[in-house]
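Read the structure below first, then the notes.
Both ligands and their constituent atoms are indexed starting at 1 by order of listing.
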Amino acid sequence: MIWEEVLTKFKELFGEEGEIGVYFAPGRVNMIGEHTDYNGGHVFPCALTIGTYGAARKRSDKKLRFYSMNFEALGVIESSVEGLKAEKEADWTNYPKGVIWAFGEKGMPVDCGMDLVLFGNIPNGSGLSSSASVEVLTGFILRDLFGFDVTNQDLALIGQYSENQFNGVNCGIMDQFAIAMGKAGHAIFLDTATLNYEYAPIRLEHAKIVISCSNKKRGLGDSKYNERRSECEQAFEQISETAGINALGDLTEEQFEQCKNSVKDEVCRRRAKHAVYENQRTIQAVEALKRNDVALFGKLMNESHVSLRDDYEVTGIELDTLVEEAWKVEGVIGSRMTGAGFGGCTVSIVKDEAVDAFIAKVGAAYREKIGYDADFYVVEIGDGPVKIA
Ligand code: GLA
């Protein structure tokens, strides 16, 4: 068992004494509703059974000692609960440090340190939210060790706050929410304007969710992400001068077509178009799923990709190749990029009998065109964070 290996590593590095807790938080995949969460729209993500494992113990001094089995060469990275700030040398530990800082900002000071060992089986930089998984896991551990009175939804908000304010990535709420609130077999239909949500069962009879990982690291992703966000803000400001809306997510397609010319810049207008249409597609997709119309759900996934490719421009040759090759395979119900884009993964719904052919055909075409391999994962929808031992 993975968690036992994490516990063994913890004892080897930090000793056996005292009370050591072992925890897990999932990664997530978004089925549809991309780049809508910071536009007051809907998203439809689910938690996965892959994620981040952590072993942790409270200390009596102020020290933080963190170790990741995914980055063994970095060794134990030390810091302190006092004077927390993001530092380049702190590498991945800026995520747990950010969450500790965020608890303090929210009136729940973490007054002593801890030792922590992590291991994640989410492919790194894949767009399956390994960082949000670490954030929610850290919050979950702090709640357990320090007895803070916070709900799982609070853990999502604290995680997002830490990412925005401590780590400087202006992400929306989707990833942390999907992870903190995950439920096996279900996706979460979340209205990001109100945080109202509903669990929708994913009943894919005779089909699987397949994630194709481009192995292209996100690289410039974070700065491009912030750029898309400000393009949408600019469009929103110009539209809201005439239309009384709180966010782009308030508009239907028809309303957008009527007021779109108030957005002066052509690029910003296309970004806003994506935000509006993608939100409406997400609402329709969830309705289709409730009627068991998986074919329509798949068609909307395909349309989502086209919009992300042409209007939002966050795909790139790697993700486009994976998706366009997937569309050619018989038995593929729908396929699109998932997450922020600019590299990372695609998500496809593939009939059971077509999964092997899918992996073989898409894999070969990807290698031929891109020059290196993609990785494929047939995934299951899992629960939110848990304490294992
Ligand atoms: C990243 C962000 C999310 C969301 C997606 C795009 O995963 O963290 O908040 O904006 O990109 O849908």
Side-chain angles (χ1 to χ4, degrees), residues 25-48 51 95 98-99 122-136 156-182 187-193 195 197 211 213-214 217-233 236 247-249 271-272 274-279 281-282 285 300-301 304-305 307-309 311-316 319 336-347:
R28 70 96 187 89
V29 65
N30 187 23
M31 299 304 294
I32 193 162
E34 215 66 82
H35 289 279
T36 49
D37 67 345
Y38 49 85
N39 285 307
H42 293 76
V43 292
F44 196 52
C46 40
L48 298 171
Y95 290 107
V99 175
I122 307 172
N124 239 310
S126 61
L128 301 179
S129 290
S130 52
S131 49
S133 177
V134 169
E135 288 159 4
V136 172
L157 289 162
I158 292 170
Q160 182 202 18
Y161 183 79
S162 76
E163 180 132 3
N164 294 168
Q165 305 297 325
F166 193 86
N167 281 307
V169 180
N170 229 346
C171 66
I173 188 61
M174 171 170 74
D175 303 346
Q176 291 82 2
F177 199 96
I179 290 167
M181 305 296 284
I188 309 175
F189 182 44
L190 171 68
D191 179 349
T192 62
L195 294 189
Y197 66 96
I211 289 176
C213 187
S214 69
K217 294 280 180 269
R218 291 245 300 270
L220 274 179
D222 292 347
S223 59
K224 287 276 175 206
Y225 182 90
N226 288 346
E227 185 182 295
R228 289 295 175 280
R229 236 191 125 132
S230 48
E231 288 161 347
C232 287
E233 275 157 20
F236 165 72
L248 291 174
R271 306 299 191 238
H274 167 78
V276 171
Y277 278 68
E278 178 76 355
N279 180 43
R281 255 192 301 274
T282 306
L300 292 163
M301 286 174 76
S304 164
H305 186 83
S307 176
L308 289 156
R309 183 189 68 194
D311 286 334
Y312 219 66
E313 296 180 282
V314 292
T315 56
L319 293 173
R336 57 182 288 277
M337 62 149 269
T338 183
F342 315 106
C345 292
T346 69
V347 57

Any nitrogen or oxygen of G172, main chain or side chain, under 3.5 Å from a nitrogen or oxygen of ligand 1? yes
Shortest non-hydrogen contact from I32 toward A285: CG2-CB, 4.0 Å
Take every heavy atom of R28, measure it against each atom of ligand 1, and state whether any distance is under 4.0 Å. yes
Can you list the residues that meet the side chain to side chain donor-acceptor pair (under 3.5 Å) rule with S133, with sequence neighbours excluded? T52
Look at the aromatic rings of Y225 and H35 and report parallel, tilted or perpendicular, splitting at 30° and 60°. tilted
Which of the atoms of ligand 1 are close to Y38, meaning less than 4.0 Å from one of its heavy atoms? 10 (O)
Ligand 1 to N30 polar contact by distance, N or O atoms, under 3.5 Å: no
Is it true that S304 and E34 share a donor-acceptor pair across their side chains at a distance under 3.5 Å? no
Taking salt bridge (Lys or Arg N to Asp or Glu O under 4.0 Å) as the cut-off, I'd like each qualifying pair that reaches into residues 158-182, sequence neighbours left out, listed once. R28-D175
One finds that the ligand 1 atoms under 4.0 Å from a non-hydrogen atom of D37 are 3 (C), 4 (C), 9 (O), 10 (O)
Flag S129 as yes when one of its N or O atoms lies below 3.5 Å from any N or O atom of ligand 1, and as no otherwise. no
G339 heavy atoms, cut-off 4.0 Å: which ligand 1 atoms fall inside? 6 (C), 11 (O)
For ring-ring contact (aromatic ring centres under 6.0 Å, His included), just list the numbers for F177 and Y197, CA-CA rounded to whole Å, side-chain angles, deciding distance to a tenth of an Å, and then say yes or no. CA-CA 10 Å; F177 199 96; Y197 66 96; 5.4 Å; yes
Enumerate the atoms of ligand 1 whose separation from the nearest heavy atom of Y225 is less than 4.0 angstrom. 1 (C), 2 (C), 3 (C), 4 (C), 9 (O), 10 (O), 11 (O)
When the aromatic ring centroids of Y312 and Y277 are compared, is their separation below 6.0 Å? no
Numbering as shown, the atoms of ligand 1 that approach M174 to under 4.0 Å (heavy-atom distance): 4 (C), 5 (C), 12 (O)
